[in-house]
*Asks:* 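Below is one structure. I have some questions about it.
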2 protein chains.
Amino acid sequence: MTTIADVARAARVSISTVSYVLSGKRTISPDTKERVTQAIADLNYSPHASARSLASRSTQVIGLQAPLRAGVDVHVVMEIVAGIARAARANRYNILLLTGDDSEALEHAARASAVDALVVMDVESTDPRIETVKNLPAPSVLIGLPSESGDAHCVDFDFEAAGRLAAARLAELGHKRVALFGAPQEVMERHTSYVDRLRQGFIGGCEEHGLSGSVHACPTSTDARATVDGIFAENPSMTGVLFHNEGALPHVAPRIIAGGRDVIAMCPEHLARTVPGLTDTIIVPAEDIGAAAARAALDLLAGTKRDRIELLPPRLGSTSAEA
Amino acid sequence: MTTIADVARAARVSISTVSYVLSGKRTISPDTKERVTQAIADLNYSPHASARSLASRSTQVIGLQAPLRAGVDVHVVMEIVAGIARAARANRYNILLLTGDDSEALEHAARASAVDALVVMDVESTDPRIETVKNLPAPSVLIGLPSESGDAHCVDFDFEAAGRLAAARLAELGHKRVALFGAPQEVMERHTSYVDRLRQGFIGGCEEHGLSGSVHACPTSTDARATVDGIFAENPSMTGVLFHNEGALPHVAPRIIAGGRDVIAMCPEHLARTVPGLTDTIIVPAEDIGAAAARAALDLLAGTKRDRIELLPPRLGSTSAEA
DNA sequence: ATGAAAGCGCTAACAT
DNA sequence: ATGTTAGCGCTTTCAT
């Protein structure tokens, strides 16, 4: 193992000079700097991460608690993680993937000074982890919008605005009776924050534009078809739909479209591209959410002042299925 | 911050005693152990990860390079990561997600002693990272089977056996003319290792069982339908299919099934469940692959002797779409 | 069964 | 502009 002492010896300078060349926290004569840089290259030296973080009290690591379980939209999770990774790397941070989805894992990482900050994904309306991170020595950012966020820092997609946007668009298209086809029953009943916010935005938007709107749970599996057929049978005047269920979308949307109805799909971009005939798409900017969360964490570390809650706005995409 | 010295003081023992209580590397009198344990609990003490790894020369961290880009099957990636995470946690390891998909990221992590071992996902047939990890101070495990694996340790799904298994099953079902519908053209042309191995196994299996078999690229998007229709139009006697393309499966498989043909799908379990009528399923045991890779890494760290290449066998699942 | 103390490889005062 | 050195919080050898 090459250490800073080896580099110092090779460059005939003191250890601290090498350290300062590395950190740039001191002005170094061009000549010295050159010798040190050369020695570092010659010896293929990398500072020992643990030694550095022990001395500097900073790990250059962000702890990430991601839901690796089923039931969440893996595409969205992956994109968010990718966004965090991208922002982290741009700032020379690495990501410690916490293997454990509970408060304990967060506590341990923070208490052990294994991370400088924490990013917690998939935060539910009322989540015990909100209380946990509040009392931790490391700053943290939640992805999701709990009902009682307290003074926690949160980043999320603006589901309410998305619901409102969809309603406005359906009104613009001339519909009178519209519906939101959303998560499976069990998710609806959990009152996951985003489910409720989307519904509120949608219903609010309908009222605003004089639409009659309703909300329906939608199973992910194949019997989604029967469910949807049933709903339309009971409500023949329902002509426009906001669809928010990635599992069911490819199975059900073509059917609704074939029935001559307008479908606005809220889903990741790649999925929208595989379903032809969608009237519009509301893209969830998953990667941006991740990047925003990482930046929030870095802001907290830097002491930059910022809003506690950052909601990323929805945007309406064109319906560009390739076929 | 609570340190080991605080604990030692509270328990009225020496620092080393606390350390030994924690590590269990020394026999401690019940009385002392009790006092130390109590003090640790009272003070809510967690050892400082960096300090520990600096002194012990071990980080308890596995570096993971995962493909966060598009084009790979995110479900599979996530499941593999989950498998690694599970095995890692079971052994008190954490995972450092390397933000960077190149050799440099691997080098840096290893050289900086930020990780004890590396797991590299999505390794292609000929991958520069194979050479990179060979010369690193940390042991590494590749997920994938490069054509020249050298003395690298590899874990992967046994795609060849899977192809063979599918052919055997199609023969058993009485088919004479069968096909493998696989990755999109561009992936086929890259000769990604698994694509070739699957093809070889399938063709080999066909020969073995006297089947006439062919291999076809399959676009992921909606024009998969046209492609597939074209193939069947040209080969009306083709009655059985091994389908290996998660993106196209939900769009195309129902159509093939409706045409009265047998479809064996090779895909993650959750996807198989959304497509009714599949004759059989070959489940890619993604989570097991991750777990196996993690265990391989831990074995290397422990010096346990093991095979360089571990291929996980395919298994035929029943066709249990819920509908 | 326990303690004392010498590192581990760095950073950041405190020198000059 | 550079060097010296006291830590950072642990593990582990060497004592007793």
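So that the names make sense, note that chain A is the first sequence line, chain B the second, and so on, each numbered from 1. Predicted model, so just to flag it, every value in this text is computed and none were measured. Below, each value reflects all heavy atoms present in this structure, side chains not excepted, and no hydrogens, waters or symmetry copies.
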*Asks:* In this structure, how many angstroms lie between the P atom of C/dT2 and the CZ atom of B/R35, rounded?
*Replies:* 8 Å
*Asks:* As a test of reading the structure: which of C/dA1, D/dT11, D/dC8 is closest to the side chain of A/L54, going by heavy atoms?
*Replies:* D/dC8
*Asks:* Using only side-chain N and O atoms of A/S29, determine if any of them is under 4.0 Å from OP1 or OP2 of D/dT2.
*Replies:* yes
*Asks:* Would you find a donor on one side and an acceptor on the other, under 3.5 Å apart, between the side chain of A/N91 and the backbone of A/A87?
*Replies:* yes
*Asks:* Ignoring hydrogens and angles, state whether a donor on the side chain of B/S53 or A/S50 is under 3.5 Å from an acceptor on the partner side chain.
*Replies:* yes
*Asks:* Taking atom types as modelled, find out whether B/T17 and B/S14 have a side-chain donor-acceptor pair closer than 3.5 angstrom.
*Replies:* yes
*Asks:* Considering just the side-chain nitrogens and oxygens of B/R26, establish if one lies under 4.0 Å of OP1 or OP2 belonging to D/dT11.
*Replies:* no
*Asks:* Of the candidate nucleotides C/dT2, C/dG9, D/dG3, which contains the atom at the shortest distance from the side chain of B/R57?
*Replies:* C/dG9
*Asks:* Between P on D/dG3 and CZ on A/R12, what's the gap in Å once rounded to a whole number?
*Replies:* 11 Å
*Asks:* How many whole angstroms separate atom OH of A/Y20 from atom P of C/dA15?
*Replies:* 13 Å
*Asks:* Starting at CD1 of B/I15 and ending at C1' of D/dT12, how long is that distance when rounded to a whole Å?
*Replies:* 13 Å
*Asks:* Counting side-chain heavy atoms from CB outward, which of D/dC10, C/dT11, D/dG3 is closest to A/S56?
*Replies:* C/dT11
*Asks:* Find the distance B/H48:NE2 to C/dT11:P and express it as a whole number of Å.
*Replies:* 14 Å
*Asks:* Mapping B/I28 and A/P47 to their closest nucleotides on DNA chain C, which lands nearer the 5' end?
*Replies:* B/I28
*Asks:* In whole Å, what is the span from the CD1 atom of B/I4 to the C1' atom of D/dG9?
*Replies:* 8 Å
*Asks:* Quickly work out the B/D6 CG to D/dC8 C1' distance and round it to whole Å.
*Replies:* 14 Å
*Asks:* Between A/R52 and C/dT11, is there a contact of a side-chain N or O with OP1 or OP2 at under 4.0 Å?
*Replies:* yes
*Asks:* Side chain of B/K25: nearest nucleotide among D/dG9, C/dG9, D/dT12?
*Replies:* D/dT12
*Asks:* Taking for each residue the nucleotide of DNA chain C with the nearest heavy atom, is it A/S23 or B/D31 whose nucleotide lies nearer the 5' end?
*Replies:* B/D31
*Asks:* Is any side-chain heavy atom of A/Q65 closer than 4.5 Å to a side-chain heavy atom of A/M121?
*Replies:* no
*Asks:* Counting side-chain heavy atoms from C-beta on, which of C/dT11, D/dT4, D/dC10 comes nearest to A/S14?
*Replies:* D/dT4
*Asks:* Nearest of C/dA5, C/dA12, D/dC10 to any side-chain atom of A/S16?
*Replies:* C/dA12
*Asks:* Does the side chain of B/S29 pick up a donor-acceptor pair with the side chain of B/T32 at under 3.5 Å?
*Replies:* yes
*Asks:* What's the CZ-C1' distance between A/R9 and D/dG3, to the nearest Å?
*Replies:* 16 Å
*Asks:* In terms of side-chain heavy atoms of B/S19, which of C/dG9, D/dC10, D/dT12 is nearest?
*Replies:* D/dT12
